[in-house]
Amino acid sequence: MEKTLRGKYLVKKTKLENKEEVIIICGVFHPTNFKVTDINDNDEMWVSDIMVSSNGIRFSDPIGLSEVSPEDFLSGENQLPSNWKTKCRL
C-alpha cells in the first residue's frame with residue numbers, strides 16, 4: 001500500500017562537496033491513509049520518491065527575512081502567508 005503524508009516542507013537548494021546540486025527537504029507531515037502509530041519509534045528514514053501534487057502552494061520572496069532555517073520552519077517561525085510576497089499554485 002502506498003503511504004501518503006500531507007504537510008508542509010522547506011526546500012533548500014545546496015551543493016555537495018563534488019559540486020552536484022541537490023535539494024534538502026525538512027518538513028512536518030500527517031499521515032492521511034495510515035495511522036501514525038504504524039511508524040515504529042526507532043524508524044529514522046524511509047527511502048521513497050516524493051511526488052508534489054499540483055494542488056500544493058509555493059511561497060517565495062520572503063518579506064523581511066534573509067532566510068528561513070530548518071529549525072525556524074519546524075517551530076512555525078515566520079510561517080504566515082503574510083511573511084511572503086509571492087504565493088502560487090504548483
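- Contact annotation: the side chain of Glu21 approaches that of Lys15 to within less than 4.5 Å [non-hydrogen atoms, C-beta and beyond].
- The CG atom of Asp38 lies 6.5 Å from the NZ atom of Lys3; values are rounded to the nearest 0.5 Å.
- Ring pair Tyr9/Phe29 is parallel by interplanar angle, where below 30° counts as parallel and above 60° as perpendicular.
- With Arg89 contributing its side chain and Asn55 its backbone, the two residues share a donor-acceptor pair below 3.5 Å.
- Ile57 and Leu80 sit in two unconnected hydrophobic clusters of ILVMFWY residues. Membership requires side-chain heavy atoms under 4.5 Å apart, directly or through other members.
- Taking CG of Asn33 as the reference point, atom CD of Glu2 lies at 8.0 Å (rounded to 0.5 Å).
- Looking at heavy atoms from C-beta onward, Lys12 lies out of side-chain contact with Ile23 at the 4.5 angstrom threshold.
- For Asn42, the CG atom counts as densely surrounded, since its 6.0 Å shell holds more than 12 non-hydrogen atoms of other residues, nucleotides or ligands.
- Contact of the Ile25 side chain with the Leu10 side chain is not registered, since no non-hydrogen atoms from C-beta on lie closer than 4.5 Å.
- Proximity of Phe34 to Thr4: side-chain heavy atoms (C-beta onward) are nowhere separated by under 4.5 Å.
- For the atom pair OG1 of Thr37 and CG of Asn40, the computed distance is 10.0 Å after rounding to the nearest 0.5 Å.
- Annotation: the span from Cys26 atom SG to Lys8 atom NZ amounts to 10.0 Å, rounded to 0.5 Å.
- Enclosure of atom CG in Asn18 by more than 12 non-hydrogen atoms of other residues, nucleotides or ligands within 6.0 angstrom is indicated.
- When the side chains of ILVMFWY residues are joined at heavy-atom separations under 4.5 Å, either directly or via intervening members, Val11 and Val52 end up in a single hydrophobic cluster.
- A distance of 7.0 Å separates CD1 in Ile63 from CG in Asn83, rounded to the nearest 0.5 Å.
- The cationic group of Lys87 does not satisfy the cation-pi geometry with Phe59, failing either the under 6.0 Å distance to the six-membered ring centre or the 45° limit from the ring axis.
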